[in-house]
Number of protein chains: 2
Amino acid sequence: MAKHENVSLSVIRRLPRYYRFLGDLLKNGIHRISSRELSLKMGVTASQIRQDLNCFGGFGQQGYGYNVEALHKEIGSILGIDKGLDIILLGAGNLGRAIASHMSFDSRGFNLIGIFDVSEDIIGQTIRGIRVSHADTLPEFCRQRRPKVAMLCIPKNSAQEIADNLVELGIRGFWNFSHYDLALDYDNIVVENVHLGDSLMTLCYRVNEVLEQNPEGPQEKE
Amino acid sequence: MAKHENVSLSVIRRLPRYYRFLGDLLKNGIHRISSRELSLKMGVTASQIRQDLNCFGGFGQQGYGYNVEALHKEIGSILGIDKGLDIILLGAGNLGRAIASHMSFDSRGFNLIGIFDVSEDIIGQTIRGIRVSHADTLPEFCRQRRPKVAMLCIPKNSAQEIADNLVELGIRGFWNFSHYDLALDYDNIVVENVHLGDSLMTLCYRVNEVLEQNPEGPQEKE
DNA sequence: TAGATTGTTAATCGATTAACAATC
DNA sequence: TAGATTGTTAATCGATTAACAATC
């Protein structure tokens with residue numbers, strides 16, 4: 001629980017992956033692991049693991065390694081998974097509905113408490129036991145429940161305006177699936193952009209690259 | 001169309017974003033832009049833009065800047081959007097169906113040509129005009145159509161085994177939504193992991209961080 | 001104690017930014 | 001021509017890796 005400010009975003013973004021691998025080890029009944037062993041499993045260097053963890057404190061023991069359960073719990077606590085932030089979903093179309101239905105919010109630090117849309121076809125539907133409400137009721141809802149995070153699965157065009165409104169209503173973080181880069185316009189507000197289209201185009205480049213370099217396919221597994 | 005090997009992944013990952021912003025400019029009837037102007041819009045440095053573009057060639061003109069349409073087209077060509085790689089979807093549950101329905105594959109360099117699942121409830125459904133087939137028919141399909149890329153929306157447990165089979169069947173790239181890190185095990189195969197859960201947990205950390213540092217919310221917009 | 005492995009400092013590497021000569 | 005802005009080299013910055021003393 002030490003104060004750990006100024007940890008770089010590169011390090012933060014690796015924490016969930018550590019958490020995932022440690023969870024797997026735990027499930028497999030492994031109680032102890034060295035940075036070296038973990039590095040081999042994860043395909044990173046042992047140095048990086050030790051450096052990353054030591055941003056937050058000394059969780060290991062010389063000559064022994066790390067206790068898997070303790071470290072897993074510790075990283076969960078650093079990420080703030082126990083905090084249970086309230087989150088709302090804006091836009092319950094295909095993608096919003098799928099992710100809301102599919103994603104385990106609870107085990108990742110969030111409670112989904114509200115879903116909003118503007119389409120009459122969608123309003124009234126139930127997703128994960130939550131009734132989709134009209135976006136007009138959002139201000140009142142926010143004043144009552146004070147959610148801090150919003151997931152945006154809305155069209156690009158409306159993203160900026162809706163985000164502005166949500167900030168007025170007290171939203172401090174966005175999980176943004178719209179194809180619009182919100183990050184630029186706010187200070188003191190966190191935006192996590194998920195640009196699936198960009199990811200797909202990066203894949204396009206890389207596949208075409210390997211196809212050019214080696215059209216035949218892999219001769220052997222690594 | 002110059003040979004441009006050894007361009008770092010950091011640069012590649014920025015290309016789709018340039019492409020997106022240039023597409024917007026084009027839509028807004030802007031025909032010319034300097035690296036300085038673009039840098040302000042995108043929230044990056046002009047230096048970075050010029051460096052990135054010059055990995056692939058000199059697309060600008062001193063004293064003038066860049067022609068938006070030409071640059072947009074050029075980046076599209078670098079990404080290989082015109083190639084139209086065939087892609088198949090494995091797993092047509094909530095998430096797979098949503099993304100398959102939602103994503104514009106065509107404008108990002110792919111043709112979706114097949115969808116496969118193992119659930120009898122899902123097989124026979126039609127998504128984007130494509131009938132969901134039984135995964136048993138996959139080997140035959142691949143031998144006939146030779147798709148090069150697969151999108152994986154399957155459970156973590158089966159991911160590795162299915163990916164192994166797909167590599168045998170000639171798949172060279174994966175767009176991986178399963179919570180399993182495929183990348184480690186193959187050489188000469190491209191994996192683009194989309195870990196939505198990791199993204200959500202990173203958001204969890206960052207929101208809790210700003211809430212601690214500034215519980216009151218932003219005093220003013222940046 | 002001896003062996004193992006951490007925590008941490010120092011060295012290396014790569015990516016970003018700044019500067020400016022080339023040139024439209 | 002003069003002004004603007006690129007392409008490109010050099011400087012800076014940050015992140016990763018290596019090394020090793022501390023210590024369990």
Side-chain angles (χ1 to χ4, degrees), chain A residues 2-18 21-22 25 30-72 74-75 78 183-184 202 205, chain B residues 2-18 21-22 25 30-72 74-75 78 183-184 202 205:
Chain A
K3 279 177 200 170
H4 29 73
E5 283 160 36
N6 306 330
V7 177
S8 80
L9 193 56
S10 319
V11 175
I12 306 301
R13 287 198 188 285
R14 284 194 290 267
L15 292 180
R17 189 153 182 268
Y18 292 132
F21 274 81
L22 290 164
L25 290 172
I30 293 164
H31 296 289
R32 169 191 150 179
I33 196 158
S34 69
S35 57
R36 167 99 186 122
E37 289 172 299
L38 187 57
S39 77
L40 292 173
K41 279 192 192 297
M42 296 186 64
V44 300
T45 64
S47 252
Q48 182 165 73
I49 293 174
R50 295 205 298 278
Q51 284 276 26
D52 285 354
L53 297 179
N54 277 94
C55 293
F56 303 98
F59 305 126
Q61 193 172 317
Q62 281 97 332
Y64 175 89
Y66 298 87
N67 176 295
V68 174
E69 188 167 9
L71 186 56
H72 182 257
E74 197 69 58
I75 294 177
I78 291 163
L184 319 169
T202 303
Y205 178 95
Chain B
K3 280 176 199 171
H4 29 74
E5 283 159 35
N6 306 330
V7 177
S8 79
L9 194 56
S10 318
V11 175
I12 305 302
R13 288 198 187 287
R14 284 195 290 267
L15 293 180
R17 189 154 182 268
Y18 292 132
F21 274 82
L22 289 165
L25 290 171
I30 294 164
H31 295 291
R32 169 191 147 177
I33 196 158
S34 70
S35 58
R36 168 100 185 121
E37 291 172 296
L38 187 57
S39 76
L40 292 173
K41 280 191 190 295
M42 296 186 65
V44 299
T45 64
S47 252
Q48 183 165 73
I49 293 175
R50 294 205 298 279
Q51 284 276 25
D52 285 353
L53 297 179
N54 278 94
C55 293
F56 303 98
F59 305 127
Q61 192 171 318
Q62 280 97 332
Y64 174 89
Y66 298 88
N67 178 294
V68 174
E69 187 167 9
L71 186 56
H72 183 257
E74 198 68 57
I75 294 178
I78 291 163
L184 317 170
T202 303
Y205 178 96

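Basis for what follows: all heavy atoms, side chains included, without hydrogens, waters or symmetry-related copies. Chain letters run A, B, ... following the sequence lines, proteins first and then strands; every chain starts at 1.
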Undergrad: Grab the CZ-P distance between Phe56(A) and dG7(C) for me, whole Å please.
TA: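 For the pair Phe56(A) CZ and dG7(C) P, the rounded distance is 14 Å.
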
Undergrad: How would you list all residue pairs meeting salt bridge (Lys or Arg N to Asp or Glu O under 4.0 Å) that involve residues 59-68 of chain A, not counting sequence neighbours?
TA: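 Non-adjacent pairs meeting salt bridge (Lys or Arg N to Asp or Glu O under 4.0 Å): zero.
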
Undergrad: To the closest 0.5 Å, what do you measure between CG (Leu15(A)) and CD1 (Ile75(A))?
TA: 6.0 Å

Undergrad: What are the two closest heavy atoms between Ser39(A) and Ala46(A), and how far apart are they?
TA: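 Looking at all heavy atoms of both residues, the shortest contact is CB-N, 3.4 Å.
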
Undergrad: How close or far is atom P of dT5(C) from atom CG of Leu53(A), stated in whole angstroms?
TA: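 The answer, rounded to whole Å, is 16 Å.
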
Undergrad: How does protein contact run along nucleotides 9-16 of chain C, one letter per nucleotide 5' to 3', with B for base contact, S for sugar-phosphate only, - for none, heavy atoms under 4.0 Å?
TA: BB----SS

Undergrad: Nearest 0.5 Å please: distance from the CG atom of Leu53(A) over to the CZ atom of Phe59(A).
TA: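 Leu53(A) CG to Phe59(A) CZ: 7.0 Å, rounded to 0.5 Å.
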
Undergrad: Quick one, give me the B/S/- string for nucleotides 19-24 of chain C, reading 5' to 3', where B means a protein heavy atom under 4.0 Å from the base and S means that only happens at the primed atoms, P, OP1 or OP2.
TA: BB-BBB

Undergrad: Report the residues that fulfil salt bridge (Lys or Arg N to Asp or Glu O under 4.0 Å) with Arg50(B), sequence neighbours left out, ordered by chain and then residue number.
TA: none

Undergrad: Could you check how far CE of Met42(B) sits from P of dT17(C), rounded to whole Å?
TA: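 For the pair Met42(B) CE and dT17(C) P, the rounded distance is 13 Å.
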
Undergrad: How would you list all residue pairs meeting salt bridge (Lys or Arg N to Asp or Glu O under 4.0 Å) that involve residues 59-71 of chain B, not counting sequence neighbours?
TA: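 Salt bridge (Lys or Arg N to Asp or Glu O under 4.0 Å) check on residues 59-71 of chain B returns no pairs.
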
Undergrad: Just verifying a value: how many Å separate Glu74(B) CD and Leu71(B) CG, rounded to the nearest 0.5 Å?
TA: 7.5 Å

Undergrad: Under the rule for side chain to side chain contact (heavy atoms under 4.5 Å, CB included), what residues qualify as partners of Gln62(B), not counting sequence neighbours?
TA: none

Undergrad: Of all the choices, dT8(D), dT5(D), dG7(C), which nucleotide is nearest to the side chain of Tyr66(A) once you look at every atom?
TA: dG7(C)

Undergrad: With sequence neighbours excluded, what pairs up with Gln48(B) under the side chain to side chain contact (heavy atoms under 4.5 Å, CB included) test?
TA: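 Partners of Gln48(B) by the side chain to side chain contact (heavy atoms under 4.5 Å, CB included) criterion, ordered by chain and then number, come out as Arg14(B), Tyr18(B), Val44(B), Thr45(B), Asp52(B).
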
Undergrad: Nearest whole Å is fine: how far is dT5(D) C1' from Asn54(B) CG?
TA: 12 Å

Undergrad: Using Watson-Crick pairs (N1 to N3, plus N6-O4 or O6-N4) and G-U wobble pairs, both distances under 3.5 Å, which stems of at least 3 pairs involve DNA chain D?
TA: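 C:3-24 with D:3-24 - these are the stems of 3 or more pairs that involve DNA chain D.
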
Undergrad: For Glu37(B), enumerate each residue passing the side chain to side chain contact (heavy atoms under 4.5 Å, CB included) test, keeping only those at least two apart in sequence or located in another chain.
TA: Ile33(B), Ser34(B)

Undergrad: Determine yes or no for a side-chain-to-main-chain donor-acceptor pair under 3.5 angstrom, with Arg32(B) supplying the side chain and Gly65(B) the backbone.
TA: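 Between the backbone of Gly65(B) and the side chain of Arg32(B) there is no qualifying donor-acceptor contact (under 3.5 Å).
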
Undergrad: If I take atom CZ in residue Arg32(B) and atom C1' in nucleotide dT6(D), what distance separates them, rounded to the nearest angstrom?
TA: 12 Å

